[in-house]
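When reading the values below, keep in mind they use all heavy atoms of this one structure, side chains included, and skip hydrogens, waters and symmetry mates. Sequence lines set the chain letters: A, B, ... in the order given, protein chains first and strands last, and positions in each chain run from 1.
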Number of protein chains: 2
Amino acid sequence: MVGTSYPGGMNTPDDDWLRLDQQICFSLHAASRAFNGVYRGILRDLGLTYPQYLVMLVLWEHDELPVKKLGEHLRLDSGTLSPLLKRLEAAGLVRRERSARDERSVEVRLTGEGVALRRRALQVPRRIAASTGFDTDEIRTLRARLDELTTALDAAAFAEQPGDSPAGERS
Amino acid sequence: MVGTSYPGGMNTPDDDWLRLDQQICFSLHAASRAFNGVYRGILRDLGLTYPQYLVMLVLWEHDELPVKKLGEHLRLDSGTLSPLLKRLEAAGLVRRERSARDERSVEVRLTGEGVALRRRALQVPRRIAASTGFDTDEIRTLRARLDELTTALDAAAFAEQPGDSPAGERS
DNA sequence: CACAATTAAGTTGCGCGCAATTGAATGGTG
DNA sequence: CACCATTCAATTGCGCGCAACTTAATTGTG
């Protein structure tokens, strides 16, 4: 519904842009939260939150790695991971121990319980896929699109941060 | 590096599903946060966070409406909106006053300052669009896809909540 | 060897997002 | 009219996500 009149003025092109913009950012925001909600319901059985599930996914494939590497896989920093891992440890799913080689580093390792949880998690993807109503190809296409988007956005955010030089300085 | 083979066994379909699943949920998660990051940089000038910007977008179109309606537009509840609106009010952008007609309801209204901010916000969409590197059609297509997804996910979450799966679930 | 610079985790503070609860106002029913 | 269910906003509690800072270990440079 773009054509609605605006109280006290006509539509300039900028007005349309502003409305269109709402559609985009809001759609992604809403989709992300909707996804989160479905995961919440399904992961409740496993006693995991959505981000915790992401961490477990990585660990189920790597089985042992330092917090730093974990953060690179998930694009999360220690400010997010430290308390999250502490909760996973309290739940008995992982153990954290400082590396003997480099005492700055902390190795995260699955416990037997953590490994065992993988079996129960195997049913999750099917239930999620069913919830989306999308088939495998559609999901793959969407994923590729989102990855493009993320790459572009990350590059833009990086370019944005340092300086606001109007004159072209580093592209 | 697990590649496609899994230590000590062949790939069951479930293994692949679990891997694929990581791709999908993670992609959306990452895209959402990447978007958030770009908005953060651009909105800093306006003194708004990303969710606050979404609220302002709605108010710029409606100019006055109760918290309930605002929440329906944004799919947010009072638990999120109340403190957010309190911050917007502290920033001088909105005012909240209980409806005389129905004293349960609180009307949110833009201040002059809030209305004025709209002019400065007009440049935001262009900068965002530039950051994505997508053209208008691509964005529209993606948005439509995401909206489909959200609708399906919401329906699934709603169906999930009330009843328990008939087949035994708790280990 | 001594001493800064760098790196890794952890901590603090703030703002969502959501479930659950509270409190006040309204509406419906007998 | 009295009573109860519903509705709306606000509050509480918890878990991210991120910026900024702190602490400790390692690296590098003279």
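One atom, CG of A/L70, and another, P of D/dG17, lie 12 Å apart when rounded to the nearest Å. Atom CG in A/D154 sits about 10 Å away from atom P in D/dC18, given to the nearest Å. One interatomic measurement links the two molecules: CG of A/L81 to C1' of D/dC16, which rounds to 11 Å at whole-angstrom precision. Rounded to an integer number of Å, the gap from B/L54 CG to C/dC16 P is 10 Å. Taking atom CZ on A/R33 and atom P on D/dG17, their separation rounds to 14 Å, with Å as the unit. If you measure from atom CG of B/L84 to atom P of C/dC18, you get 13 Å, rounded to the nearest angstrom. In this entry the distance linking CG of A/L48 with C1' of D/dC16 reads 14 Å, nearest Å. For the pair B/L43 CG and C/dC16 P, the computed distance is 12 Å after rounding to whole Å.
Residue A/R98 places none of its side-chain N or O atoms closer than 4.0 Å to OP1 or OP2 of C/dA9. The side chain of B/S105 contributes no N or O atom lying less than 4.0 Å from OP1 or OP2 of C/dA25. Contact annotation: B/H29 side-chain N/O to D/dG17 OP1/OP2 distance is under 4.0 Å.
Within residues 85-97 of chain B, the residues approached by DNA chain D to less than 4.0 Å at the level of any non-hydrogen atom are B/K86, B/R96, in residue-number order. Within residues 71-80 of chain B, the residues approaching DNA chain D are B/S78, B/G79, by heavy-atom distance under 4.0 Å.
When side chains are defined from C-beta on, B/L59 does not count as touching B/V115, because their heavy atoms never get closer than 4.5 Å. Taking the side chain as every heavy atom from C-beta outward, B/E97 and B/R95 approach each other to under 4.5 Å.
A/S82 comes within contact range of at least one nucleobase, with a heavy-atom separation under 4.0 Å.
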Less than 3.5 Å apart, which donor and acceptor atoms pair up between the side chains of residues 65-75 of chain A and the rest of the protein, not counting sequence neighbours?
residue	atom	partner	partner atom	Å
A/R75	NH1	A/D154	OD2	2.5
A/R75	NH2	A/D154	OD2	2.7

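Of the inter-residue distances, the one linking B/T49 atom OG1 with B/L84 atom CG reads 6.0 Å to the nearest 0.5 angstrom.
With sequence neighbours excluded, the residues forming a side-chain hydrogen bond (donor to acceptor under 3.5 Å, both in side chains) with B/D137 are B/R140, listed by chain and number. By the side-chain hydrogen bond (donor to acceptor under 3.5 Å, both in side chains) test, A/S27 pairs with B/D147, sequence neighbours left out. B/E148 is linked by a side-chain hydrogen bond (donor to acceptor under 3.5 Å, both in side chains) to B/R145, counting only residues two or more places apart in sequence or in another chain. Every side-chain hydrogen bond (donor to acceptor under 3.5 Å, both in side chains) that B/D102 has, sequence neighbours left out, goes to B/R104. The side chain to side chain contact (heavy atoms under 4.5 Å, CB included) check on A/E103 picks up nothing, with sequence neighbours excluded. In terms of the ring-ring contact (aromatic ring centres under 6.0 Å, His included) criterion, residue partners of A/Y50 (sequence neighbours excluded) are, by chain and number, A/Y39, B/H29. Considering only residues two or more places apart in sequence or on other chains, B/R98 meets the salt bridge (Lys or Arg N to Asp or Glu O under 4.0 Å) condition with none of them.
Each of A/Y50 and B/K69 was matched to the nucleotide of DNA chain D holding its nearest heavy atom; the match closer to the 5' end belongs to B/K69.
Counting only residues at least two apart or on different chains, no salt bridge (charged side-chain N to carboxylate O under 4.0 Å, His left out) pair has a member in residues 24-36 of chain A.
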Every protein N/O lying under 3.5 Å from an N/O of nucleotides 24-26 of chain D:
residue	atom	partner	partner atom	Å
D/dT26	OP1	A/E103	N	3.4

